[in-house]
Amino acid sequence: MSVTISSTEPALTTRQLTLAYDRAIVIRDLDLVIPAGQITALVGPNGCGKSTLLRGLARLLKPLKGTVYLDSASIFRLSTKEVAKQLGILPQSPTAPEGLTVRELVAQGRYPHQSWLQQWSAEDDRFLEQALAITGMVELANRPLDTLSGGQRQRAWIAMTLAQNTPILLLDEPTTFLDLAHQIEILDLLYELNQTEGRTIVMVLHDLNQACRYADHLIAVKNGGVYAQGIPSNIMTEAMVQEVFGIESRIVHDPVTHTPMCIPISRKARLA
Amino acid sequence: MKHAATKPSPPSAPPSAHSAHVNLLRLIGLGIGILLLFGCLIASLLLGAADLDPRTIWQALFAFDGSTEHLIITTVRLPRSLIALTVGAALAVAGAITQGLTRNPLAAPDIVGINAGAALAVVGATFLFGSASSHTYVWFAFLGGTLAAIAVYVLGSIGRSGLTPLKLILAGAALTYLLSSLTTGMLILSQRTLDEIRFWLAGSVAGRDFATFTSVLPYMGIGLLVALILSRQITMLTLGDDVAKGLGLRTAWVKATATVVVILLAGSSVALAGPIGFVGLVVPHLVRFFAGVDYRWLLPYAAIAGGTLLLLADIGARIIIKPQELPVGIMTAIVGAPFFIYLAKQKVKR
């Protein structure tokens, strides 16, 4: 399932993208390039529009204005099934009906590759098994999702998007509600997928330090626009954290990964 | 080739063997279900005000001689049994689809007000135009069901949080009250209308002839067929809109088509047998234990179990206060109402 893309070309491009819920504009006139073959992390405070932006990139939200380009074609011009062969999206904390097994869930990922005539092929089987293997879900494949731990459940959902076999993978807070060990496990898995198969990964992350560790490209979102973007060591500054998150911090050198590390400064004097 | 031969052989029972095994069991279960359904159909032909023996039924069907017993079977028992079977199947499938569409375990055409809307339209038509034929009844039922579906959708979507499971149920309950009291009002104004449809309004499969049955059957057939064709897509809807859209499903189209299917199935059921409650709610939950959550299995199971259940309920309605009869809708309510309360306690979050 290897996907090779030259890292110079864009995976997704937005032009004057304006996104709104009802009539409240969340993202305004955004021009953005998501580099192919890299891990991009979207960071920003609650309500800044990063999740909305991700949904817009995945054509889940119809823009008020502007569009998103996938391989130079507007994703709203392509059939939604065609887009689903190129781009997988894992929304924030998805829920499955009670009793759905991991295998049944992961099998749904093959939908864009099937048709009325071709319901389930040997190739579908192969991608299903592969997705289970990569995520370490083979042993749990026949278990209902509601009997699994949060981390296992999240791995099952990721397996579903892997079975979809798309060069681009968008994930909205893939580590929410997971403990630290499971957070690292999920992020390592995504890193491996990027390294071994060259998949483009775009994810919303809350933890700035994790974003710096795993992302090649960091996008700081503020008030519905991009405040700064680039490699983490360039844009992760005390000034940026102050501007975007409104807190004082020190940026230090992460001794393990040699990426920037943000230490927030508490207002409580006794901690200083 | 030589290299391949030295490779370790795959484990003897890969996990996929498990799902093949499960599917085989489900197929066997479906076979048993069909046998049960057939058994209940026979019982429904045999039992009633006058108990008949199997030989008479056989002769009535294949060597009709015009005797009273044969006439009872062909003009009373057979249409009644077939109506119970198909109405039960249609309501159960409509219920399963409604639950999938709304991602709400308490949803069903009767709970959200579609049955009440269809019933009001049929009563209204009878009130205004006198007794119409079932051909026209069914179209009024579709119209009433559609208007009720739109109303409950709009009513339940008011407010910031949109159509939550709880608001859907509340809107459905409110709408059902409103529509039912309008129906009652019309019946009070017109004694003639009341006499004609009093029994029907409580939900009854009795007193309908073959012509009525066959005039509505095509709509049910189309509804059931489209439901089966859409079953894969409905399963995907149960994962949520964003996931389904992300996988390339045209959710708006699937939802619209599935809603039309629900209205076809519920509307034609109401036209035939009145607003029978709880079958659509209860049956999908009963069969989920055997059929799982995949609608490709769930819908056939629901159809068979729904048909069986309504046949049984109708047999009960005939023999419980013999020689009098109860409307079958009262039987399903007696069994269904406690189940609804159980579900509300168990399954509704917030």
Side-chain angles (χ1 to χ4, degrees), chain A residues 22 54-55 58-61 78-105 107-114 116 119-120 125 128-129 132-133 137-146 157 160-161 163-164 166 169-170 172, chain B residues 10-11 13-23 96 99-105 157 160 162 165 229-254 284-285 287-298 343 346-349:
Chain A
D22 293 323
L54 199 78
R55 294 187 75 230
R59 54 99 172 73
L60 299 183
L61 198 60
L78 299 166
S79 84
T80 181
K81 232 173 173 175
E82 211 50 57
V83 176
K85 288 179 188 169
Q86 300 289 315
L87 181 155
I89 166 93
L90 185 57
Q92 196 178 338
S93 19
T95 54
E98 211 179 304
L100 186 81
T101 67
V102 173
R103 177 180 297 277
E104 285 172 324
L105 175 70
Q108 303 300 325
R110 297 305 298 163
Y111 179 75
H113 303 278
Q114 297 168 339
W116 291 116
Q119 291 276 338
W120 188 263
D125 242 344
L128 168 64
E129 296 301 334
L132 289 171
M137 294 302 286
V138 175
E139 305 289 311
L140 302 170
N142 297 315
R143 291 265 299 272
L145 241 68
D146 41 283
W157 282 102
M160 183 198 78
T161 54
Q164 208 176 331
T166 56
L169 211 55
L170 310 183
D172 194 352
Chain B
S16 59
H18 175 85
S19 51
H21 182 64
V22 168
N23 284 347
Q99 286 165 15
L101 265 179
T102 56
R103 303 183 77 201
N104 184 343
S157 302
R160 280 190 54 129
I229 292 172
L230 274 186
S231 56
R232 169 85 200 270
Q233 280 73 7
I234 296 169
T235 310
M236 289 173 72
L237 281 183
T238 64
L239 300 176
D241 267 24
D242 276 3
V243 172
K245 272 188 203 164
L247 289 171
L249 188 74
R250 286 153 65 199
T251 50
W253 189 87
V254 174
H285 289 286
V287 297
R288 222 160 254 151
F289 181 73
F290 306 100
V293 293
D294 187 335
Y295 273 71
R296 286 175 298 183
W297 286 108
L298 190 62
L343 278 177
Q346 292 292 311
K347 305 255 171 151
V348 171
K349 289 144 198 150

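All chains are named by letter (A, B, ...) in the order of the sequence lines, taking the proteins before the strands, and each is independently numbered beginning at 1.
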Residue part contacting chain B, namely of [X], when any heavy atom lies under 4.5 Å:
X      : result
A:Q108 : both
A:Q92  : neither
A:P97  : both
A:P112 : both
A:L132 : neither

ask   = When rounded to the nearest 0.5 angstrom, what distance separates CD in A:E104 from OG1 in B:T235?
value =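 The OG1 atom of B:T235 is 8.5 Å from CD of A:E104, to the nearest 0.5 Å.
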
Spacing of CG belonging to A:D172 relative to CG belonging to B:D242, to within rounding of 0.5 Å =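 It comes to 9.0 Å.
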
request  = Answer yes or no: is there a donor N or O on one side and an acceptor on the other, between the side chain of A:Q164 and the main chain of B:G246, under 3.5 Å?
outcome  =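 Side chain of A:Q164 to backbone of B:G246, a donor-acceptor pair under 3.5 Å: yes, one is there.
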
task = Tell me, out of A:P144, A:A84, A:P94, A:G88, who's got the most heavy-atom pairs with chain B below 4.5 Å.
result =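 Highest number of heavy-atom pairs under 4.5 Å: A:A84.
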
request  = May I ask you to name which of A:I89, A:T95, A:L128 has the most heavy-atom pairs under 4.5 Å with chain B?
outcome  =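 When all of A:I89, A:T95, A:L128 are compared, A:T95 has the most.
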
query = So with a 6.0 Å cut-off around CZ of B:R232, is the heavy-atom count from everything else above 12?
reply =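 Enclosed.
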
ask   = Near B:W253 CH2, under 6.0 Å, is it more than 12 heavy atoms from other residues, nucleotides or ligands?
value =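 Incorrect, the count does not exceed 12.
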
key: Minimum-distance pair of heavy atoms, taken over all atoms of A:G109 and B:L247   =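 Between these two residues, the closest heavy atoms are CA-CD2, 3.7 Å.
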
ask   = For B:G248 and A:T80, which heavy atoms make the closest approach, and how far apart are they?
value =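 Of all heavy-atom pairs spanning B:G248 and A:T80, the closest is O-CG2, 3.4 Å.
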
query = Could you go step by step and tell me if A:T101 and B:V22 meet the side-chain contact (heavy atoms from CB on, under 4.5 Å) rule?
reply = CA-CA 12 Å; A:T101 67; B:V22 168; over 6 Å; no

key: Among the listed options B:R103, B:R288, B:R250, the residue most often paired with chain A at heavy-atom distances under 4.5 Å   =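 The candidate making the most pairs under 4.5 Å is B:R103.
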
